[in-house]
Structures are given as structure tokens and as C-alpha cells.
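Below is one structure, written out as C-alpha cells; comments come after it.
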Amino acid sequence: GESVGLHLPTLSVQEGDNSIINCAYSNSASDYFIWYKQESGKGPQFIIDIRSNMDKRQGQRVTVLLNKTVKHLSLQIAATQPGDSAVYFCAEKGGGSYIPTFGRGTSLIVHP
Amino acid sequence: NAGVTQTPKFQVLKTGQSMTLQCAQDMNHNSMYWYRQDPGMGLRLIYYSASEGTTDKGEVPNGYNVSRLNKREFSLRLESAAPSQTSVYFCASSEFDGQDQPQHFGDGTRLSIL
């Protein structure tokens, strides 16, 4: 989920495990949701998105689940690899706005 | 395909100096954005340009100006740098083709103000 203070929430997993990163959003008018991955020293990189007319979308090793009832979004990474270690951000957008709202991120650490 | 290119990658300034951060995208996107990222704060929008010829303030515009030079380029200027502007700055671009599309980010400019 979302961070409090200066420290990001951290998820530590073993290589090969499945990872689940959660995100709560607040705007019930949001209709577009995006997950980004940010590696150290780089910019955020688009992973997967989902629109509000869906509740699940799958990519390569990643699945995004959307629960509009409780305003919750999750990113599932299958068979997590050391290269998946990064900070993961969710973002929401809607109501005709040009501007997405970003969460603060979750740090994923994958141990070999 | 380079995507979003930011220059410079690193810069150190003294308080009061001015500087322009450059951003260019080659994806023919209409919208461009400038963000700053500070530890624990996530991405905060400074300014954005919904389309060529328009610019608007974001969440934290004070101390910054922008120029949308053409469809490809969107620059961010610090007229009189302050230590509070020490941060990592990201430029992004996106397109709306009848549906929202994700933003694409550059790799950032790491700026230190002494």
C-alpha cells in the first residue's frame, strides 16, 4: 500500500515466489489505473493498465486486479525474479482530468 | 526509438543560479508533464502542457516556469534556485486517442542546489 512518513512500505520475497502489491485509491470517479515500476536511478516504467469496465487484466507474468467497490487495486507478479526488485507505483486517473494521481510506492525486494 | 529524453542527467547549482532542464519526446504525444520526486513524497506535478501552445500549473509550481517550445519539447526553468528545489526531476509525455493512455517517463535530472 501507501507509505507513511519518509519510508516506503517494503515487500520482501524469495526468488520464485508470487508477489502481491496493493494500492488503495480515493477517487470514486477514477476510471483508469496504471502500474509503474521504477528501478534505482531510472524513471518510472509502464507495466500494465486497466480501465474501470474490467476487474482483471493479465500481462506477461503480471496481473492487475481492480475492486471498485472498495477502491482497491493490486499487482500480482508471478515467479518473482531478482530483476523485479524496484519501487512499484499505482496511479489513478479519471473525470476527464489530464492528470493522474500517483501513490507513494512500495519497494519490492527479491532475494535470490 | 528514444522515447523521452532529458538533459542534463546531473547538475549542481549554487543558490540563486538559474537553469533550464530540457525534455524532448519522439512519440508525437500531445501532452507533456514535469514532476519532481523527493524521498517518501512520490511524484508531484510541477507543470503540464495538455497540448502544444498551452501550459498549466500543477501541485507545486512555485519557483518554476515552463515553455512548450513545440510538440516535441517542454522545458522547465528555475530562475533563482533554492536548496528546497534539490530533487530528481522527471519529464513525461502521454497521448489521448479516445481513451486514456499511460505516461512515458524520461530517466530524470538529478539536481542539487548548494
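A, B, ... follow the sequence lines: proteins, then strands. Residue 1 opens every chain.
- Under the 4.5 Å side-chain criterion, counting only non-hydrogen atoms from C-beta, B:Ser31 is not in contact with B:Gln101.
- Contact residues of residues 67-81 of chain B toward chain A are absent (heavy-atom distance under 4.5 Å).
- Contact annotation for B:Gln103: both backbone and side-chain heavy atoms come within less than 4.5 Å of a heavy atom of chain A.
- Side-chain contact check for A:Thr101 and A:Tyr25: no donor-acceptor pair (N or O, by modelled atom type) lies under 3.5 Å.
- Side-chain contact check for A:Ile77 versus A:Val13: every heavy-atom pair is 4.5 Å or farther apart.
- No side-chain donor-acceptor contact under 3.5 Å links A:Thr106 to the backbone of A:Tyr88.
- Residues of residues 36-72 of chain A lying under 4.5 angstrom from chain B, judged on non-hydrogen atoms, are A:Tyr36, A:Gln38, A:Gly41, A:Lys42, A:Gly43, A:Pro44, A:Phe46, A:Asp49, A:Arg51 by number.
- Between the B:Gln22 side chain and the B:Pro8 main chain, no donor and acceptor come within less than 3.5 Å of each other.
- Against chain A, the residues from residues 104-114 of chain B that qualify, each with a non-hydrogen atom under 4.5 angstrom away, are B:Phe105, B:Gly106, B:Asp107, B:Arg110 in number order.
- A side-chain donor-acceptor contact under 3.5 Å links B:Ser87 to the backbone of B:Gln37.
- Contact annotation for residues 44-56 of chain B against chain A (heavy-atom separation below 4.5 Å, listed by residue number): B:Leu45, B:Tyr48, B:Ala50.
- Contacts of B:Gln6 with chain A are absent, with no heavy-atom separation under 4.5 Å from either backbone or side chain.
- With a 4.5 Å cut-off on side-chain heavy atoms, B:Val4 and B:Phe90 do not count as touching.
- A:Ser19 is not listed as a side-chain neighbour of A:Asp84, based on a closest heavy-atom distance of 4.5 Å or more.
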